[in-house]
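Bear in mind the structure is a predicted one, so any value in this text is a computation, not a measurement.
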Amino acid sequence: MLRVLLALSLMPAPAFAQVRGQAASAVHNITLVNSGLSSPSAPSIGAAALPPGVSLPSPSALNALVPAPSIATPLVQAAVAAPAPAVATALAALKTAAPATPDKPAAPAAAEAQINSAGSLFDGPLKIVLAGSESVPFIKTGGLADVMDALSRGFAGKGHKVKMFLPKYPEIDAAKHGLKPVPGSFQVPVAGRQEPVTLWHAERGGADIYLIDNPNVYSRDGPYARLSPGYDDTDERFIFFSRAALEAARFIGFSPDVVHTHDWHTGLMPALLKTVYASDPFFSKAVSLQTIHNIAYQGIFGFESLIKAGLDPKDFNHHKFEYHGKFSLLKSGLVSADAVSTVSPTYAAQIQYSSEFGMGLEGLLRYRAADVHGILNGLDPQLWDPRTDQNLAANYGTEDAAAGKAANKAALQAEHGLAQDPKAPVFGVAARLDRQKGLDLIADVVPLLVQLGGQLVIAGSGDPELKTRFEELTARYPKNVFLHPFSESFARQVFAASDFLLMPSRFEPCGLSQLIAHRYGSLPIATRTGGLSDTIKDVAEHPGKGDGIFLGDFSVQALTESLARAFVLHYKADGVLAQARARAMANDSSWGPALDNYIALFRDLLSRRG
């Protein structure tokens, strides 16, 4: 097997970055030499290949960051779940305390509680209303859709009674999804008028799914965008949906124990429960949980939207629903819900203790710190399984990952005109073309990645400027770079064919791509933020246990260093990469712990309600 060695020519320069607490020296260039062997895919790299002001780590720094192979350490097996503790114990473990450093919060415990600390029984099936703007398989624009589907089926699978409410967008094909019309209709007030509501129903994984339909509100395509000239009614669409979801529960005779709302689109529902429905006996026992999937999106509209929602103008103040002179649907939910959760422990800490991550709501969240919980998202192992995935050129498992991934790499290279080089490391991206995801950083390092012999394959749509930039890079390096509009089927092929997945996110509430990458044997190269921090172990920091590579910080320099580490890891023939890949594929990222934590939280809220 070829072994490619990195020989670095140092030049006097100031230290540029802290790598595991040590400064690495700046270098002028990097040359891949063969030391008696040859590597046609690894040409020499001059300083011109590097982005301006960026240099590569010194040999000593690289050696310190590339782990020795683990020979004696076996793969860590999934731990056997401990007996379920009481609610008080589970919630104490679930809490995200203020960390000494914001990206080191306490990890949650995985246990569903059966009794509370006072001994009162709350062990029967719960009646849960879930409400969100999208869910697989009906409509998906992002990870929220996967989470909504997983929670609805997961709660139902644990014996709870689940009704999930979604908007019936016109692009949702009723026949395709087995949706049946529910007889009858009802009226919902919005903006001083009454709007008719009809329901569509389907069963999925034991959960009842109801889609809320209205010809006036949902006559145009698109969940969020203002796509039609003359229409600027995004606020009314989700004010209507929030009110309609609660009235739909009444219409079907489902008096909930829990109302679980997601992101700004349903943030009005907890506010309605505490105001309009405060004395309504149908909802008197219900507790509410507002989950933040991405705090960057806050549903901010004018004062008139508060009036459209039927809320009292006296509540338009900074203690309630006013947000910098505007009305925020997300803030409405955060103020009103009985508890707030977000999708990873680290992100829960970051949005409380950093204005960079809290985006103006950190003060409110700190004020409600006792009610803020970080519950890590999971992944459905049956839906994401390289052994059975029909989108792949070859199926594989942990035992034959090397051969399986090689076959998928060869198929991807052949189909999309990339150089047919089995030894070239493939770096994948499966994300929105968005600065949040660090796609601008990735574009900056493409010339270096290519000249080091790597290939970049992107499954992504989004920002037009980033799209144009990657199209230009594809035209410049047609044998090394390929851009494909995002589709789930192509993204699955990227996970299977890639050796590494690039995720240099500015922030990442949880992230699912790194969990999928692990499942498919692709090591994530990621920023140490949010859920990425909670789900990845750096191969250098955790010898024998690592399953990815962290950037030192969010910068082109740090991404350059991490790429250098990845190339060394790929070309070294010492088994470290294979061991890390096997550990990644063996990770248990299933939804079980998250579901248990949610149910423990629901039971605790109900015990407090009495």
Side-chain angles (χ1 to χ4, degrees), residues 2 4-9 27-34 38-57 62 405-406 408-410 412-431 433 437-460 466-484 493-494 497-504 522-525 549 551 555-572 577:
L2 297 179
V4 180
L5 305 177
L6 291 173
L8 304 175
S9 300
V27 300
H28 180 64
N29 58 43
I30 175 173
T31 306
L32 290 163
V33 270
N34 59 32
S38 62
S39 178
S41 64
S44 297
I45 300 302
L50 298 172
V54 172
S55 50
L56 285 160
L62 275 175
K405 289 187 72 66
N408 281 283
K409 179 187 292 188
L412 192 74
Q413 290 172 333
E415 183 174 355
H416 299 295
L418 298 171
Q420 296 285 284
D421 185 354
K423 295 182 176 62
V426 172
F427 296 82
V429 174
L433 301 183
K437 301 293 185 180
L439 271 292
D440 49 329
L441 265 64
I442 293 174
D444 285 341
V445 301
V446 166
L448 173 65
L449 184 152
V450 169
Q451 292 192 47
L452 284 172
Q455 297 179 350
L456 176 66
V457 181
I458 303 168
L466 287 169
K467 179 175 180 286
T468 298
R469 192 171 179 191
F470 281 108
E471 287 173 342
E472 292 171 350
L473 288 166
T474 299
R476 182 178 174 186
Y477 306 111
K479 295 296 184 180
N480 295 80
V481 180
F482 181 73
L483 171 66
H484 190 287
Q493 296 169 29
V494 171
S498 61
D499 300 289
F500 303 94
L501 186 80
L502 297 178
M503 295 187 70
S522 179
L523 300 192
I525 299 175
I549 295 173
L551 279 66
S555 66
V556 174
Q557 177 66 69
L559 181 56
T560 300
E561 295 173 18
S562 296
L563 283 178
R565 293 176 58 193
F567 274 98
V568 173
L569 194 64
H570 179 79
Y571 283 121
K572 289 184 75 172
L577 179 59

Under 4.0 Å between a Lys/Arg side-chain N and an Asp/Glu carboxylate O for Lys423 and Asp499?
no
At their closest point, which heavy atom of Pro447 faces which heavy atom of Ala443, and how far apart are they?
CD-O, 4.0 Å
A side-chain contact here means heavy atoms from C-beta on lying under 4.5 Å apart; do Thr560 and Val556 qualify?
yes
Nearest 0.5 Å, please: how far is CZ in Phe470 from CG in Leu433?
7.0 Å
side-chain contact (heavy atoms from CB on, under 4.5 Å) with Leu449: of Val481, Leu456, Leu473, only one passes, and it is Leu456
With sequence neighbours left out, the residues meeting ring-ring contact (aromatic ring centres under 6.0 Å, His included) with His570 are none
Out of Ile442, Leu501, Leu551, which residue meets the side-chain contact (heavy atoms from CB on, under 4.5 Å) rule with Ile525?
Leu551
Applying the side-chain contact (heavy atoms from CB on, under 4.5 Å) test to Val429, which of Leu483, Val457, Val494, Leu502 qualifies?
Leu502
Can you list everything that forms a ring-ring contact (aromatic ring centres under 6.0 Å, His included) with Phe500? Sequence neighbours excluded, please.
Phe427
Rounded distance (nearest 0.5 Å) linking atom CD of Gln493 with atom OG of Ser498:
11.5 Å
Would you confirm whether Gln455, through its side chain, and Ala424, through its main-chain N or O, come within 3.5 Å as a donor-acceptor pair?
no
In terms of relative ring orientation, are Phe482 and His484 parallel, tilted or perpendicular, with 30° and 60° separating the classes?
tilted
Taking atom CG of Asn408 and atom CG of Leu412, what is their separation to the nearest 0.5 Å?
8.5 Å
Do the non-hydrogen side-chain atoms of Leu569 and Arg565 ever get within less than 4.5 Å of each other?
no
Quick one: which residue pairs count as a side-chain hydrogen bond (donor to acceptor under 3.5 Å, both in side chains) with a foot in residues 470-482, not counting sequence neighbours?
Lys467-Glu471
Side chains of Leu563 and Val445 in contact at under 4.5 Å (non-hydrogen atoms):
yes
